[in-house]
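Residue numbers run from 1 in the order of the sequence given.
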Amino acid sequence: MSSHRRPRRPNAALRLGCIALALLLAAAAALAWNTYEQLRGMRQESERVRAQLMADSLSQRIGHALDIGIPLEGLVGVEALFNQRLGAHAEIQSIALLQGPGKVLWFVERERATKVATGTVADAPITVRGEPRGTVRLALQETGAGPFARSAATLLLPAVLLLAALAFLAARFSEAQGVKLRNHAVRLAMRAIASGRYDRSMVLPHRRGFDLRAQQLGHAVRGVHETLTRVRRLISSLRQTEPQAQRREYLDMLLAEAQGTHRFAEHGLTQVRVVAAEAQSFWASLLITLGAVALLALATSASNAVADLPPLQLALLPAAFIVSAALAAWVTQGRRWPVLSVLFSACAGLAGLALVLASGAWTGYTPLQWLPGVALWCGGFAGAALAACMTVEQVPRRQDFKHAMPRWPKAAMGAWVGATVWLGPALGSVAFTALGGLYGGLALTLPLLCASFLLLRWNEPRSPWRHRVGARAQAQAAAAARSGLRAVSVTACIAAASGLLMVAGWMSATAVPHGLAQAAVASALGVGLLGGLLDPLRRRRHTGAALAMAALVNALALALPGAGAWQIAALSVAALLTAYLLGHAVTSTQRTHHTPASATLLGTALGALLAGGIAAAGLPTTSLLLVATLAVGVSWWAQPRPQPWQPTRKDSDAA
């Protein structure tokens with residue numbers, strides 16, 4: 001008996017994301033080419049002036065030596081001087097000292113793997129007491145469209161992919177709050193009617209006037225319920241006036257048959273509110289965490305503009321962020337604070353920090369004095385917001401409340417991982433590069449304002465956002481206590497891999513100056529992670545094959561010497577596969593392993609500290625990717641194998 005596979009419906013969010021990506025790429029290419037054409041004459045003139053100034057500087061140094069009586073052929077250290085200038089200025093191609101029209105005394109040229117065309121050439125004569133003695137000839141490298149395209153891609157590629165990803169997520173959220181929510185409510189109502197349940201009706205909080213299917217089905221159920229109520233009253237009245245016992249028994253039989261076949265409410269209909277709780281918590285967690293991580297990345301980029309941070313300190317900043325988030329989540333879970341109060345406080349605290357950064361009050365202090373404080377401040381609010389959003393996801397399924405499609409398991413945790421690994425660092429770096437510290441800090445208040453607006457819209461009676469955070473703390477602790485050693489190891493490995501990739505994405509996105517390799521690795525991490533979170537693999541053997549391929553590619557990227565196009569491609573593929581597997585692990589394991597936010601963040605902090613140790617040892621970024629792949633592989637191996645004879649429960653069947 002062949003299984004019939006239902007054809008996949010076209011995804012409007014995917015189409016919108018691809019269209020946005022294509023339009024942004026076309027706009028970025030047109031902008032880069034227009035800028036290149038407009039600046040061509042200015043660039044050539046600036047290169048000529050720069051080459052002439054450097055040649056004049058060298059001719060003055062040599063002329064001073066000749067002025068004190070040293071002959072030109074007897075000069076010592078000319079080649080060392082030329083090599084020093086080549087090392088100090090990467091744009092110089094060659095330097096030569098000429099005597100007469102064709103006699104070359106010294107010549108130094110930069111060694112390149114590929115042949116580089118010579119660009120602007122400047123000659124500076126060496127004159128001693130009005131008498132020409134020689135000429136210094138300095139040649140710069142050709143700066144054509146290739147270097148300009150690489151620099152433009154380094155700046156524009158993260159911004160283009162970031163905006164395209166946000167457009168995709170916005171479309172996915174609008175579907176969950178719109179058409180998918182209405183379709184799911186209609187399916188639930190039709191399923192209840194088909195099973196003979198006339199004791200409840202489906203209610204949508206935000207009903208659209210052009211789609212009243214759920215409302216019409218609710219009216220039909222109410223009509224059937226009212227008809228049964230009238231029939232019950234009529235039969236009760238007829239039994240009192242009917243003299244024949246046979247007819248009274250027949251009426252009782254009809255009433256018992258109707259009540260036995262279908263389910264009706266004794267005291268009125270029960271209204272079941274269908275809400276997209278997972279989608280709402282996903283978006284709230286994404287916006288608040290995005291603002292927190294982007295503010296930290298903006299502050300780090302601003303500090304790197306005046307003083308470069310060591311790799312160990314740069315890697316310990318996300319570790320401090322996650323440790324603060326774990327502590328804040330643990331404190332929040334132990335309190336019975338309202339969810340909306342926690343989230344509004346997080347938005348207000350982060351917006352206040354953005355205004356402080358935009359005011360420039362931190363310029364009088366060294367980065368080591370205020371960057372750890374910014375990391376702790378942002379991490380605390382992000383961890384509290386994550387605990388609140390996960391509480392909304394875990395609201396008990398009551399008689400009058402039902403979650404709607406799409407069912408994203410642990411959507412808040414997935415949004416938190418996506419924002420910390422790629423979206424947040426990329427947004428902060430792009431904001432600082434495009435707008436600077438002042439306007440960049442003001443621009444980063446926009447995600448927090450959007451989150452506040454959405455929370456105000458969801459603040460309605462009998463909403464899951466009206467619950468308190470600590471209401472589920474005991475249930476979470478009991479679930480964690482019942483979980484065995486295998487479940488704990490699976491969660492710990494996935495959390496450690498999240499911390500490792502967070503540090504890798506952080507170091508790639510906030511590296512100054514931004515190179516093409518760092519931009520490609522950061523973009524690949526983000527795209528892969530979002531792909532794994534939203535569209536994971538379905539079969540276990542496919543996951544095992546992807547893990548083996550990711551480990552192989554990471555090992556090859558680590559073994560490739562030097563830097564080049566092949567290494568950039570290998571790093572990008574390795575980052576894409578590793579991040580995709582992490583997103584798949586976060587999504588697939590949360591259906592069976594329910595752990596509190598504080599425990600998950602604690603494992604993430606351990607992974608970030610391990611990444612700091614790897615960075616302190618001087619190992620490359622590929623080492624972080626390889627260790628993260630091994631951690632995800634251990635979690636995959638520790639998971640129990642699915643039993644094919646056990647029926648699988650659909651997410652839409654959960655009440």
> May I ask you to decide if the ring planes of Tyr580 and His584 are parallel, tilted or perpendicular, using 30° and 60° as cut-offs?
parallel
> Using every non-hydrogen atom in the two residues, find where Ser623 and Ile614 come nearest and quote the distance to one decimal.
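For Ser623 versus Ile614, the nearest heavy atoms are CB-CG2, 4.0 Å.
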> Would you check if there is a donor-acceptor pair between the side chains of Thr578 and Thr629 at a distance under 3.5 Å?
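A pair is found: one side chain offers a donor N or O, the other an acceptor, under 3.5 Å apart.
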> Give a yes or no answer on whether the side chain of Trp377 reaches the backbone of Gly349 with a donor-acceptor pair at less than 3.5 Å.
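Checked: pair present.
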> Does Leu376 offer a backbone N or O that forms a donor-acceptor pair with the side chain of Ser324 under 3.5 Å?
yes
> Check Ala375 against Ala320 and note the closest heavy-atom contact, atom names and distance.
CB-CB, 4.3 Å
> Between the side chain of Ser429 and the main-chain N/O of Pro425, is any donor-acceptor distance below 3.5 Å?
no
> I would like to know whether Leu140 and Met54 meet side chain to side chain contact (heavy atoms under 4.5 Å, CB included); could you show each step before the answer?
CA-CA 10 Å; Leu140 298 181; Met54 289 189 290; 3.7 Å; yes
> Nearest heavy-atom pair of Ala550 and Leu581: which atoms, and what distance?
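Closest approach of Ala550 to Leu581: CB-CD1, 3.7 Å.
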> So, the side chain of Ser498 versus the backbone of Ile494: is there a donor-acceptor pair under 3.5 Å, distance only?
yes
> Taking the side chain as everything from C-beta on, heavy atoms only, tell me whether Leu98 gets closer than 4.5 Å to Val136.
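A side-chain contact is absent here, since even the closest heavy-atom pair is not under 4.5 Å.
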> Do you know which two heavy atoms are closest between Ala497 and Val632, and how far apart they sit?
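Ala497 and Val632 have their closest heavy atoms at CB-CG2, 3.7 Å.
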> Around atom CZ of Phe107, are there more than 12 heavy atoms of other residues, nucleotides or ligands at under 6.0 Å?
yes
> List in chain and number order the residues that pass side chain to side chain contact (heavy atoms under 4.5 Å, CB included) with Cys378, two or more places apart in sequence or in another chain; answer none if no residue qualifies.
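Expected list: Ala292, Leu295, Phe321, Leu350, Leu353, Val374.
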> Looking at every heavy atom in both Gly418 and Leu529, which two are closest together, and how far apart are they?
CA-CD2, 3.4 Å
> Indicate whether the side chain of Asp56 and that of Gln52 have a donor and an acceptor atom separated by less than 3.5 Å.
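Checked: Asp56/Gln52 side chains pair up, N/O donor to acceptor below 3.5 Å.
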> Which pair of non-hydrogen atoms, one from Leu625 and one from Ala504, has the smallest distance, and what is that distance?
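Closest approach of Leu625 to Ala504, heavy atoms only: CD2-CB, 4.3 Å.
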